[in-house]
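Heads up, the thing below is written out as structure tokens.
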There are 2 protein chains.
Amino acid sequence: MADTPPLSTTGNPALKLDAQLCFALYSTLLGVNKVYRTLLRELDLTYPQYLVMLVLWERDERNVSDICSQLYLETATLTPLLKRLEARGLVNRRRSPSDERQVIVSLSEAGRALYAQVQHIPGCMSEALSCSQDDIVALRKQLLTLRDALFQHV
Amino acid sequence: MADTPPLSTTGNPALKLDAQLCFALYSTLLGVNKVYRTLLRELDLTYPQYLVMLVLWERDERNVSDICSQLYLETATLTPLLKRLEARGLVNRRRSPSDERQVIVSLSEAGRALYAQVQHIPGCMSEALSCSQDDIVALRKQLLTLRDALFQHV
DNA sequence: GCAATTTATATTGTGCGCGATGTAATTGCA
DNA sequence: TGCAATTACATCGCGCACAATATAAATTGC
């Protein structure tokens, strides 16, 4: 039954695209990225670069693995990204004197100053989501539960 | 106020990473991809490739822009992906005789046969999400509402 | 009937995102 | 003390994802 030729009327309903939570997540994120691209274009930042700036604005002087774990990314992703931010003059990178294996990432003056230029972004995104603040809070909570389950599973 | 040096106690609360719905979405999708990578490794498929196969299993013989619009992707993303699936022998690509601009994508015999090998995947993913079916349905619905708002906004 | 426009797909360049692998610094422990 | 194991980061290769651009086919307007 399950492995018969997949005609739309006979296929496994769980394999239908429009039934899948993961595709809803995936395609929604495509939309999020699209909106962020327009919001961040004038700052010449990508969304992942913006995320790195957000974590540094919250707490400066962090090593790479700190940033990795907060953003759920691998160093293979962040090392080149941080080098691009350094090349743009937004962050500095230096080895920790106490542990030469660690690279300490810190905001440059320009990186700190950029904070003033992103104040409107949460509001713009909120508007794009056109969704009540209560819904946003509830949805965020549900997603974090999912995220924990997914990362725990692997 | 908003553009003072971003100390963690004085910064704009809306710019805190852990308050952001979009980061919850982003990081949750990283987890989804991680789980799919392990599930799809034995089939040697990536998640976007799996999505293309899903849409073809639902309805075969579709042109590229059909697939693009159903997956919310651009042709610049799908054209190389489809060529890789063709090189793997899972799909065929041919120009439409009635409109030479269109490329019709269809399942090969191997592509159809692969359907039998993915029957367990929704169940595995469901388990990884460790979340009630009702929650999944509700969450999916909320995400689709968000997605519509985001794509309408741009 | 043919130029202008639109449509469908392809190409190029840039930036993620990560598995696999490498290297140097540090730690642990016999 | 010495050396194996671990940790922190970097590098490489591949596959998305898309903006910008190109090209050819089809359609429209006149």
Side-chain angles (χ1 to χ4, degrees), chain A residues 23 26-38 40-53 62-69 71-88 93-105 150-151 154, chain B residues 26-53 62-69 71-88 93-105 150-151 154:
Chain A
F23 177 65
Y26 172 79
S27 52
T28 302
L29 190 70
L30 292 175
V32 167
N33 272 323
K34 205 177 178 76
V35 172
Y36 266 120
R37 250 192 308 276
T38 72
L40 294 171
R41 183 185 328 268
E42 57 181 323
L43 304 176
D44 197 24
L45 283 179
T46 66
Y47 181 55
Q49 288 169 5
Y50 173 67
L51 290 178
V52 168
M53 296 304 289
R62 331 184 48 161
N63 62 30
V64 176
S65 47
D66 254 16
I67 303 176
C68 283
S69 59
L71 294 182
Y72 291 80
L73 293 171
E74 306 294 320
T75 83
T77 300
L78 276 187
T79 295
L81 187 156
L82 290 169
K83 286 185 174 182
R84 279 187 286 272
L85 289 180
E86 185 184 34
R88 292 235 358 239
R93 299 186 323 129
R94 65 172 195 281
R95 292 278 166 182
S96 163
S98 66
D99 185 341
E100 284 284 342
R101 293 171 305 177
Q102 296 185 33
V103 169
I104 307 296
V105 182
L150 290 164
F151 278 100
V154 186
Chain B
Y26 172 79
S27 51
T28 303
L29 190 69
L30 292 176
V32 167
N33 272 323
K34 205 176 180 75
V35 172
Y36 266 121
R37 251 192 308 276
T38 72
L39 289 174
L40 294 171
R41 184 185 329 267
E42 58 182 323
L43 304 176
D44 197 23
L45 284 179
T46 65
Y47 181 55
Q49 288 169 6
Y50 172 67
L51 290 178
V52 168
M53 296 306 289
R62 332 183 47 161
N63 63 30
V64 176
S65 47
D66 255 16
I67 303 176
C68 283
S69 58
L71 295 182
Y72 292 81
L73 292 171
E74 306 295 320
T75 82
T77 300
L78 277 187
T79 295
L81 187 156
L82 290 169
K83 287 185 175 181
R84 279 185 286 272
L85 289 180
E86 186 183 35
R88 292 236 355 239
R93 300 186 323 130
R94 65 173 193 282
R95 292 277 167 184
S96 162
S98 66
D99 185 341
E100 285 284 340
R101 295 169 305 177
Q102 297 185 32
V103 169
I104 308 294
V105 182
L150 289 165
F151 278 100
V154 186

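Naming: A, B, ... by sequence-line order, numbering from 1 per chain.
Distance check, rounded to the nearest 0.5 Å: OG of B:Ser65 to CD of B:Gln102 gives 6.5 Å.
The pair B:Glu100-B:Arg95 does not meet the salt-bridge criterion, since no charged nitrogen lies less than 4.0 angstrom from a carboxylate oxygen.
The CD1 atom of A:Ile104 sits 11 Å away from the P atom of D:dA8 (whole-angstrom rounding). In this structure, A:Leu81 atom CG and C:dC18 atom P are separated by 12 Å, rounded to whole Å. Between B:Leu73 atom CG and C:dA10 atom C1' there is a gap of 16 Å when expressed in whole angstrom units. B:Arg62 places its CZ atom 15 Å from the P atom of C:dA8, with the value rounded to the nearest Å. Straight-line distance from the CZ atom of B:Phe151 to the P atom of D:dA17: 12 Å, rounded to whole Å. The nearest whole Å value for the distance from the CG atom in B:Leu29 to the C1' atom in D:dC16 is 12 Å. Spacing between atom CD of B:Glu86 and atom P of C:dT9 amounts to 14 Å, rounded to whole angstrom units. When rounded to the nearest whole Å, the span between CG of B:Leu82 and P of C:dA10 equals 8 Å.
Between B:Tyr72 and A:Phe23, the ring planes are tilted. Angles from 30° to 60° get that label.
When atom types are taken as modelled, the side chain of A:Thr79 and the backbone of A:Ala76 share no donor-acceptor pair closer than 3.5 angstrom. Judged purely by atom type and a 3.5 angstrom limit, A:Arg37 has no side-chain atom pairing as donor or acceptor with the backbone of A:Tyr47. Side-chain atoms of A:Thr46 come within 3.5 Å of backbone atoms of A:Gln49 as a donor-acceptor pair (strictly under, hydrogens ignored).
Remark: A:Thr77 is not in phosphate contact with C:dC16, judged by side-chain N or O atoms under 4.0 Å from OP1 or OP2. Proximity of A:Tyr50 to the phosphate of C:dC16: no side-chain N or O atom is located under 4.0 Å from OP1 or OP2. For A:Thr46, a side-chain nitrogen or oxygen approaches OP1 or OP2 of C:dC16 to under 4.0 Å. Proximity of A:Gln49 to the phosphate of C:dC16: a side-chain N or O atom is located under 4.0 Å from OP1 or OP2. Contact annotation: B:Arg93 side-chain N/O to C:dA10 OP1/OP2 distance is under 4.0 Å.
Across all strands, B:Asn63 comes closer than 4.0 Å only to sugar-phosphate atoms, never to a base (heavy-atom distances). Note on B:Leu78: nothing from the nucleic acid sits closer than 4.0 angstrom, heavy atoms only.
In this structure, of D:dC9, D:dA17, C:dA25, it is C:dA25 that holds the atom nearest to the side chain of A:Glu100. For B:Ala76, the listed nucleotide lying nearest its side chain is D:dA19; candidates were C:dT9, D:dA19, C:dA10. Comparing C:dT6, C:dG15, D:dA17 by their closest approach to the side chain of B:Arg101 singles out C:dT6. Residue B:Thr79 has its side chain nearest to C:dT9 when only C:dT9, D:dC18, C:dG17 are considered. Considering only side-chain atoms of B:Arg84, the nucleotide from C:dT9, C:dC18, D:dG15 that sits closest is D:dG15. Looking at the side chain of B:Gln102, the nearest of the listed nucleotides C:dC18, C:dC16, C:dA8 is C:dA8. Taking every side-chain heavy atom of B:Ser65 into account, C:dA8 is the closest of C:dC16, C:dA8, C:dC18. The side chain of A:Asp99 has C:dT26 as its nearest neighbour among C:dC16, D:dC18, C:dT26. The nucleotide whose nearest atom lies closest to any side-chain atom of A:Glu74 is, among C:dC18, D:dA17, D:dA19, C:dC18. Closest to the side chain of B:Lys83, out of C:dT11, D:dC9, D:dA25, is C:dT11.
Residues A:Asp66 and A:Tyr26 each lie close to DNA chain D; by heavy-atom proximity, the contact nearer the 5' end of the strand is made by A:Asp66. For the pair B:Val64 and A:Ser96, both in contact range of DNA chain C, the more 5′-proximal nearest nucleotide belongs to B:Val64.
Shown are A:Asn63, A:Leu82, A:Leu85; of these, the side-chain contact (heavy atoms from CB on, under 4.5 Å) with A:Arg93 is made only by A:Leu82.
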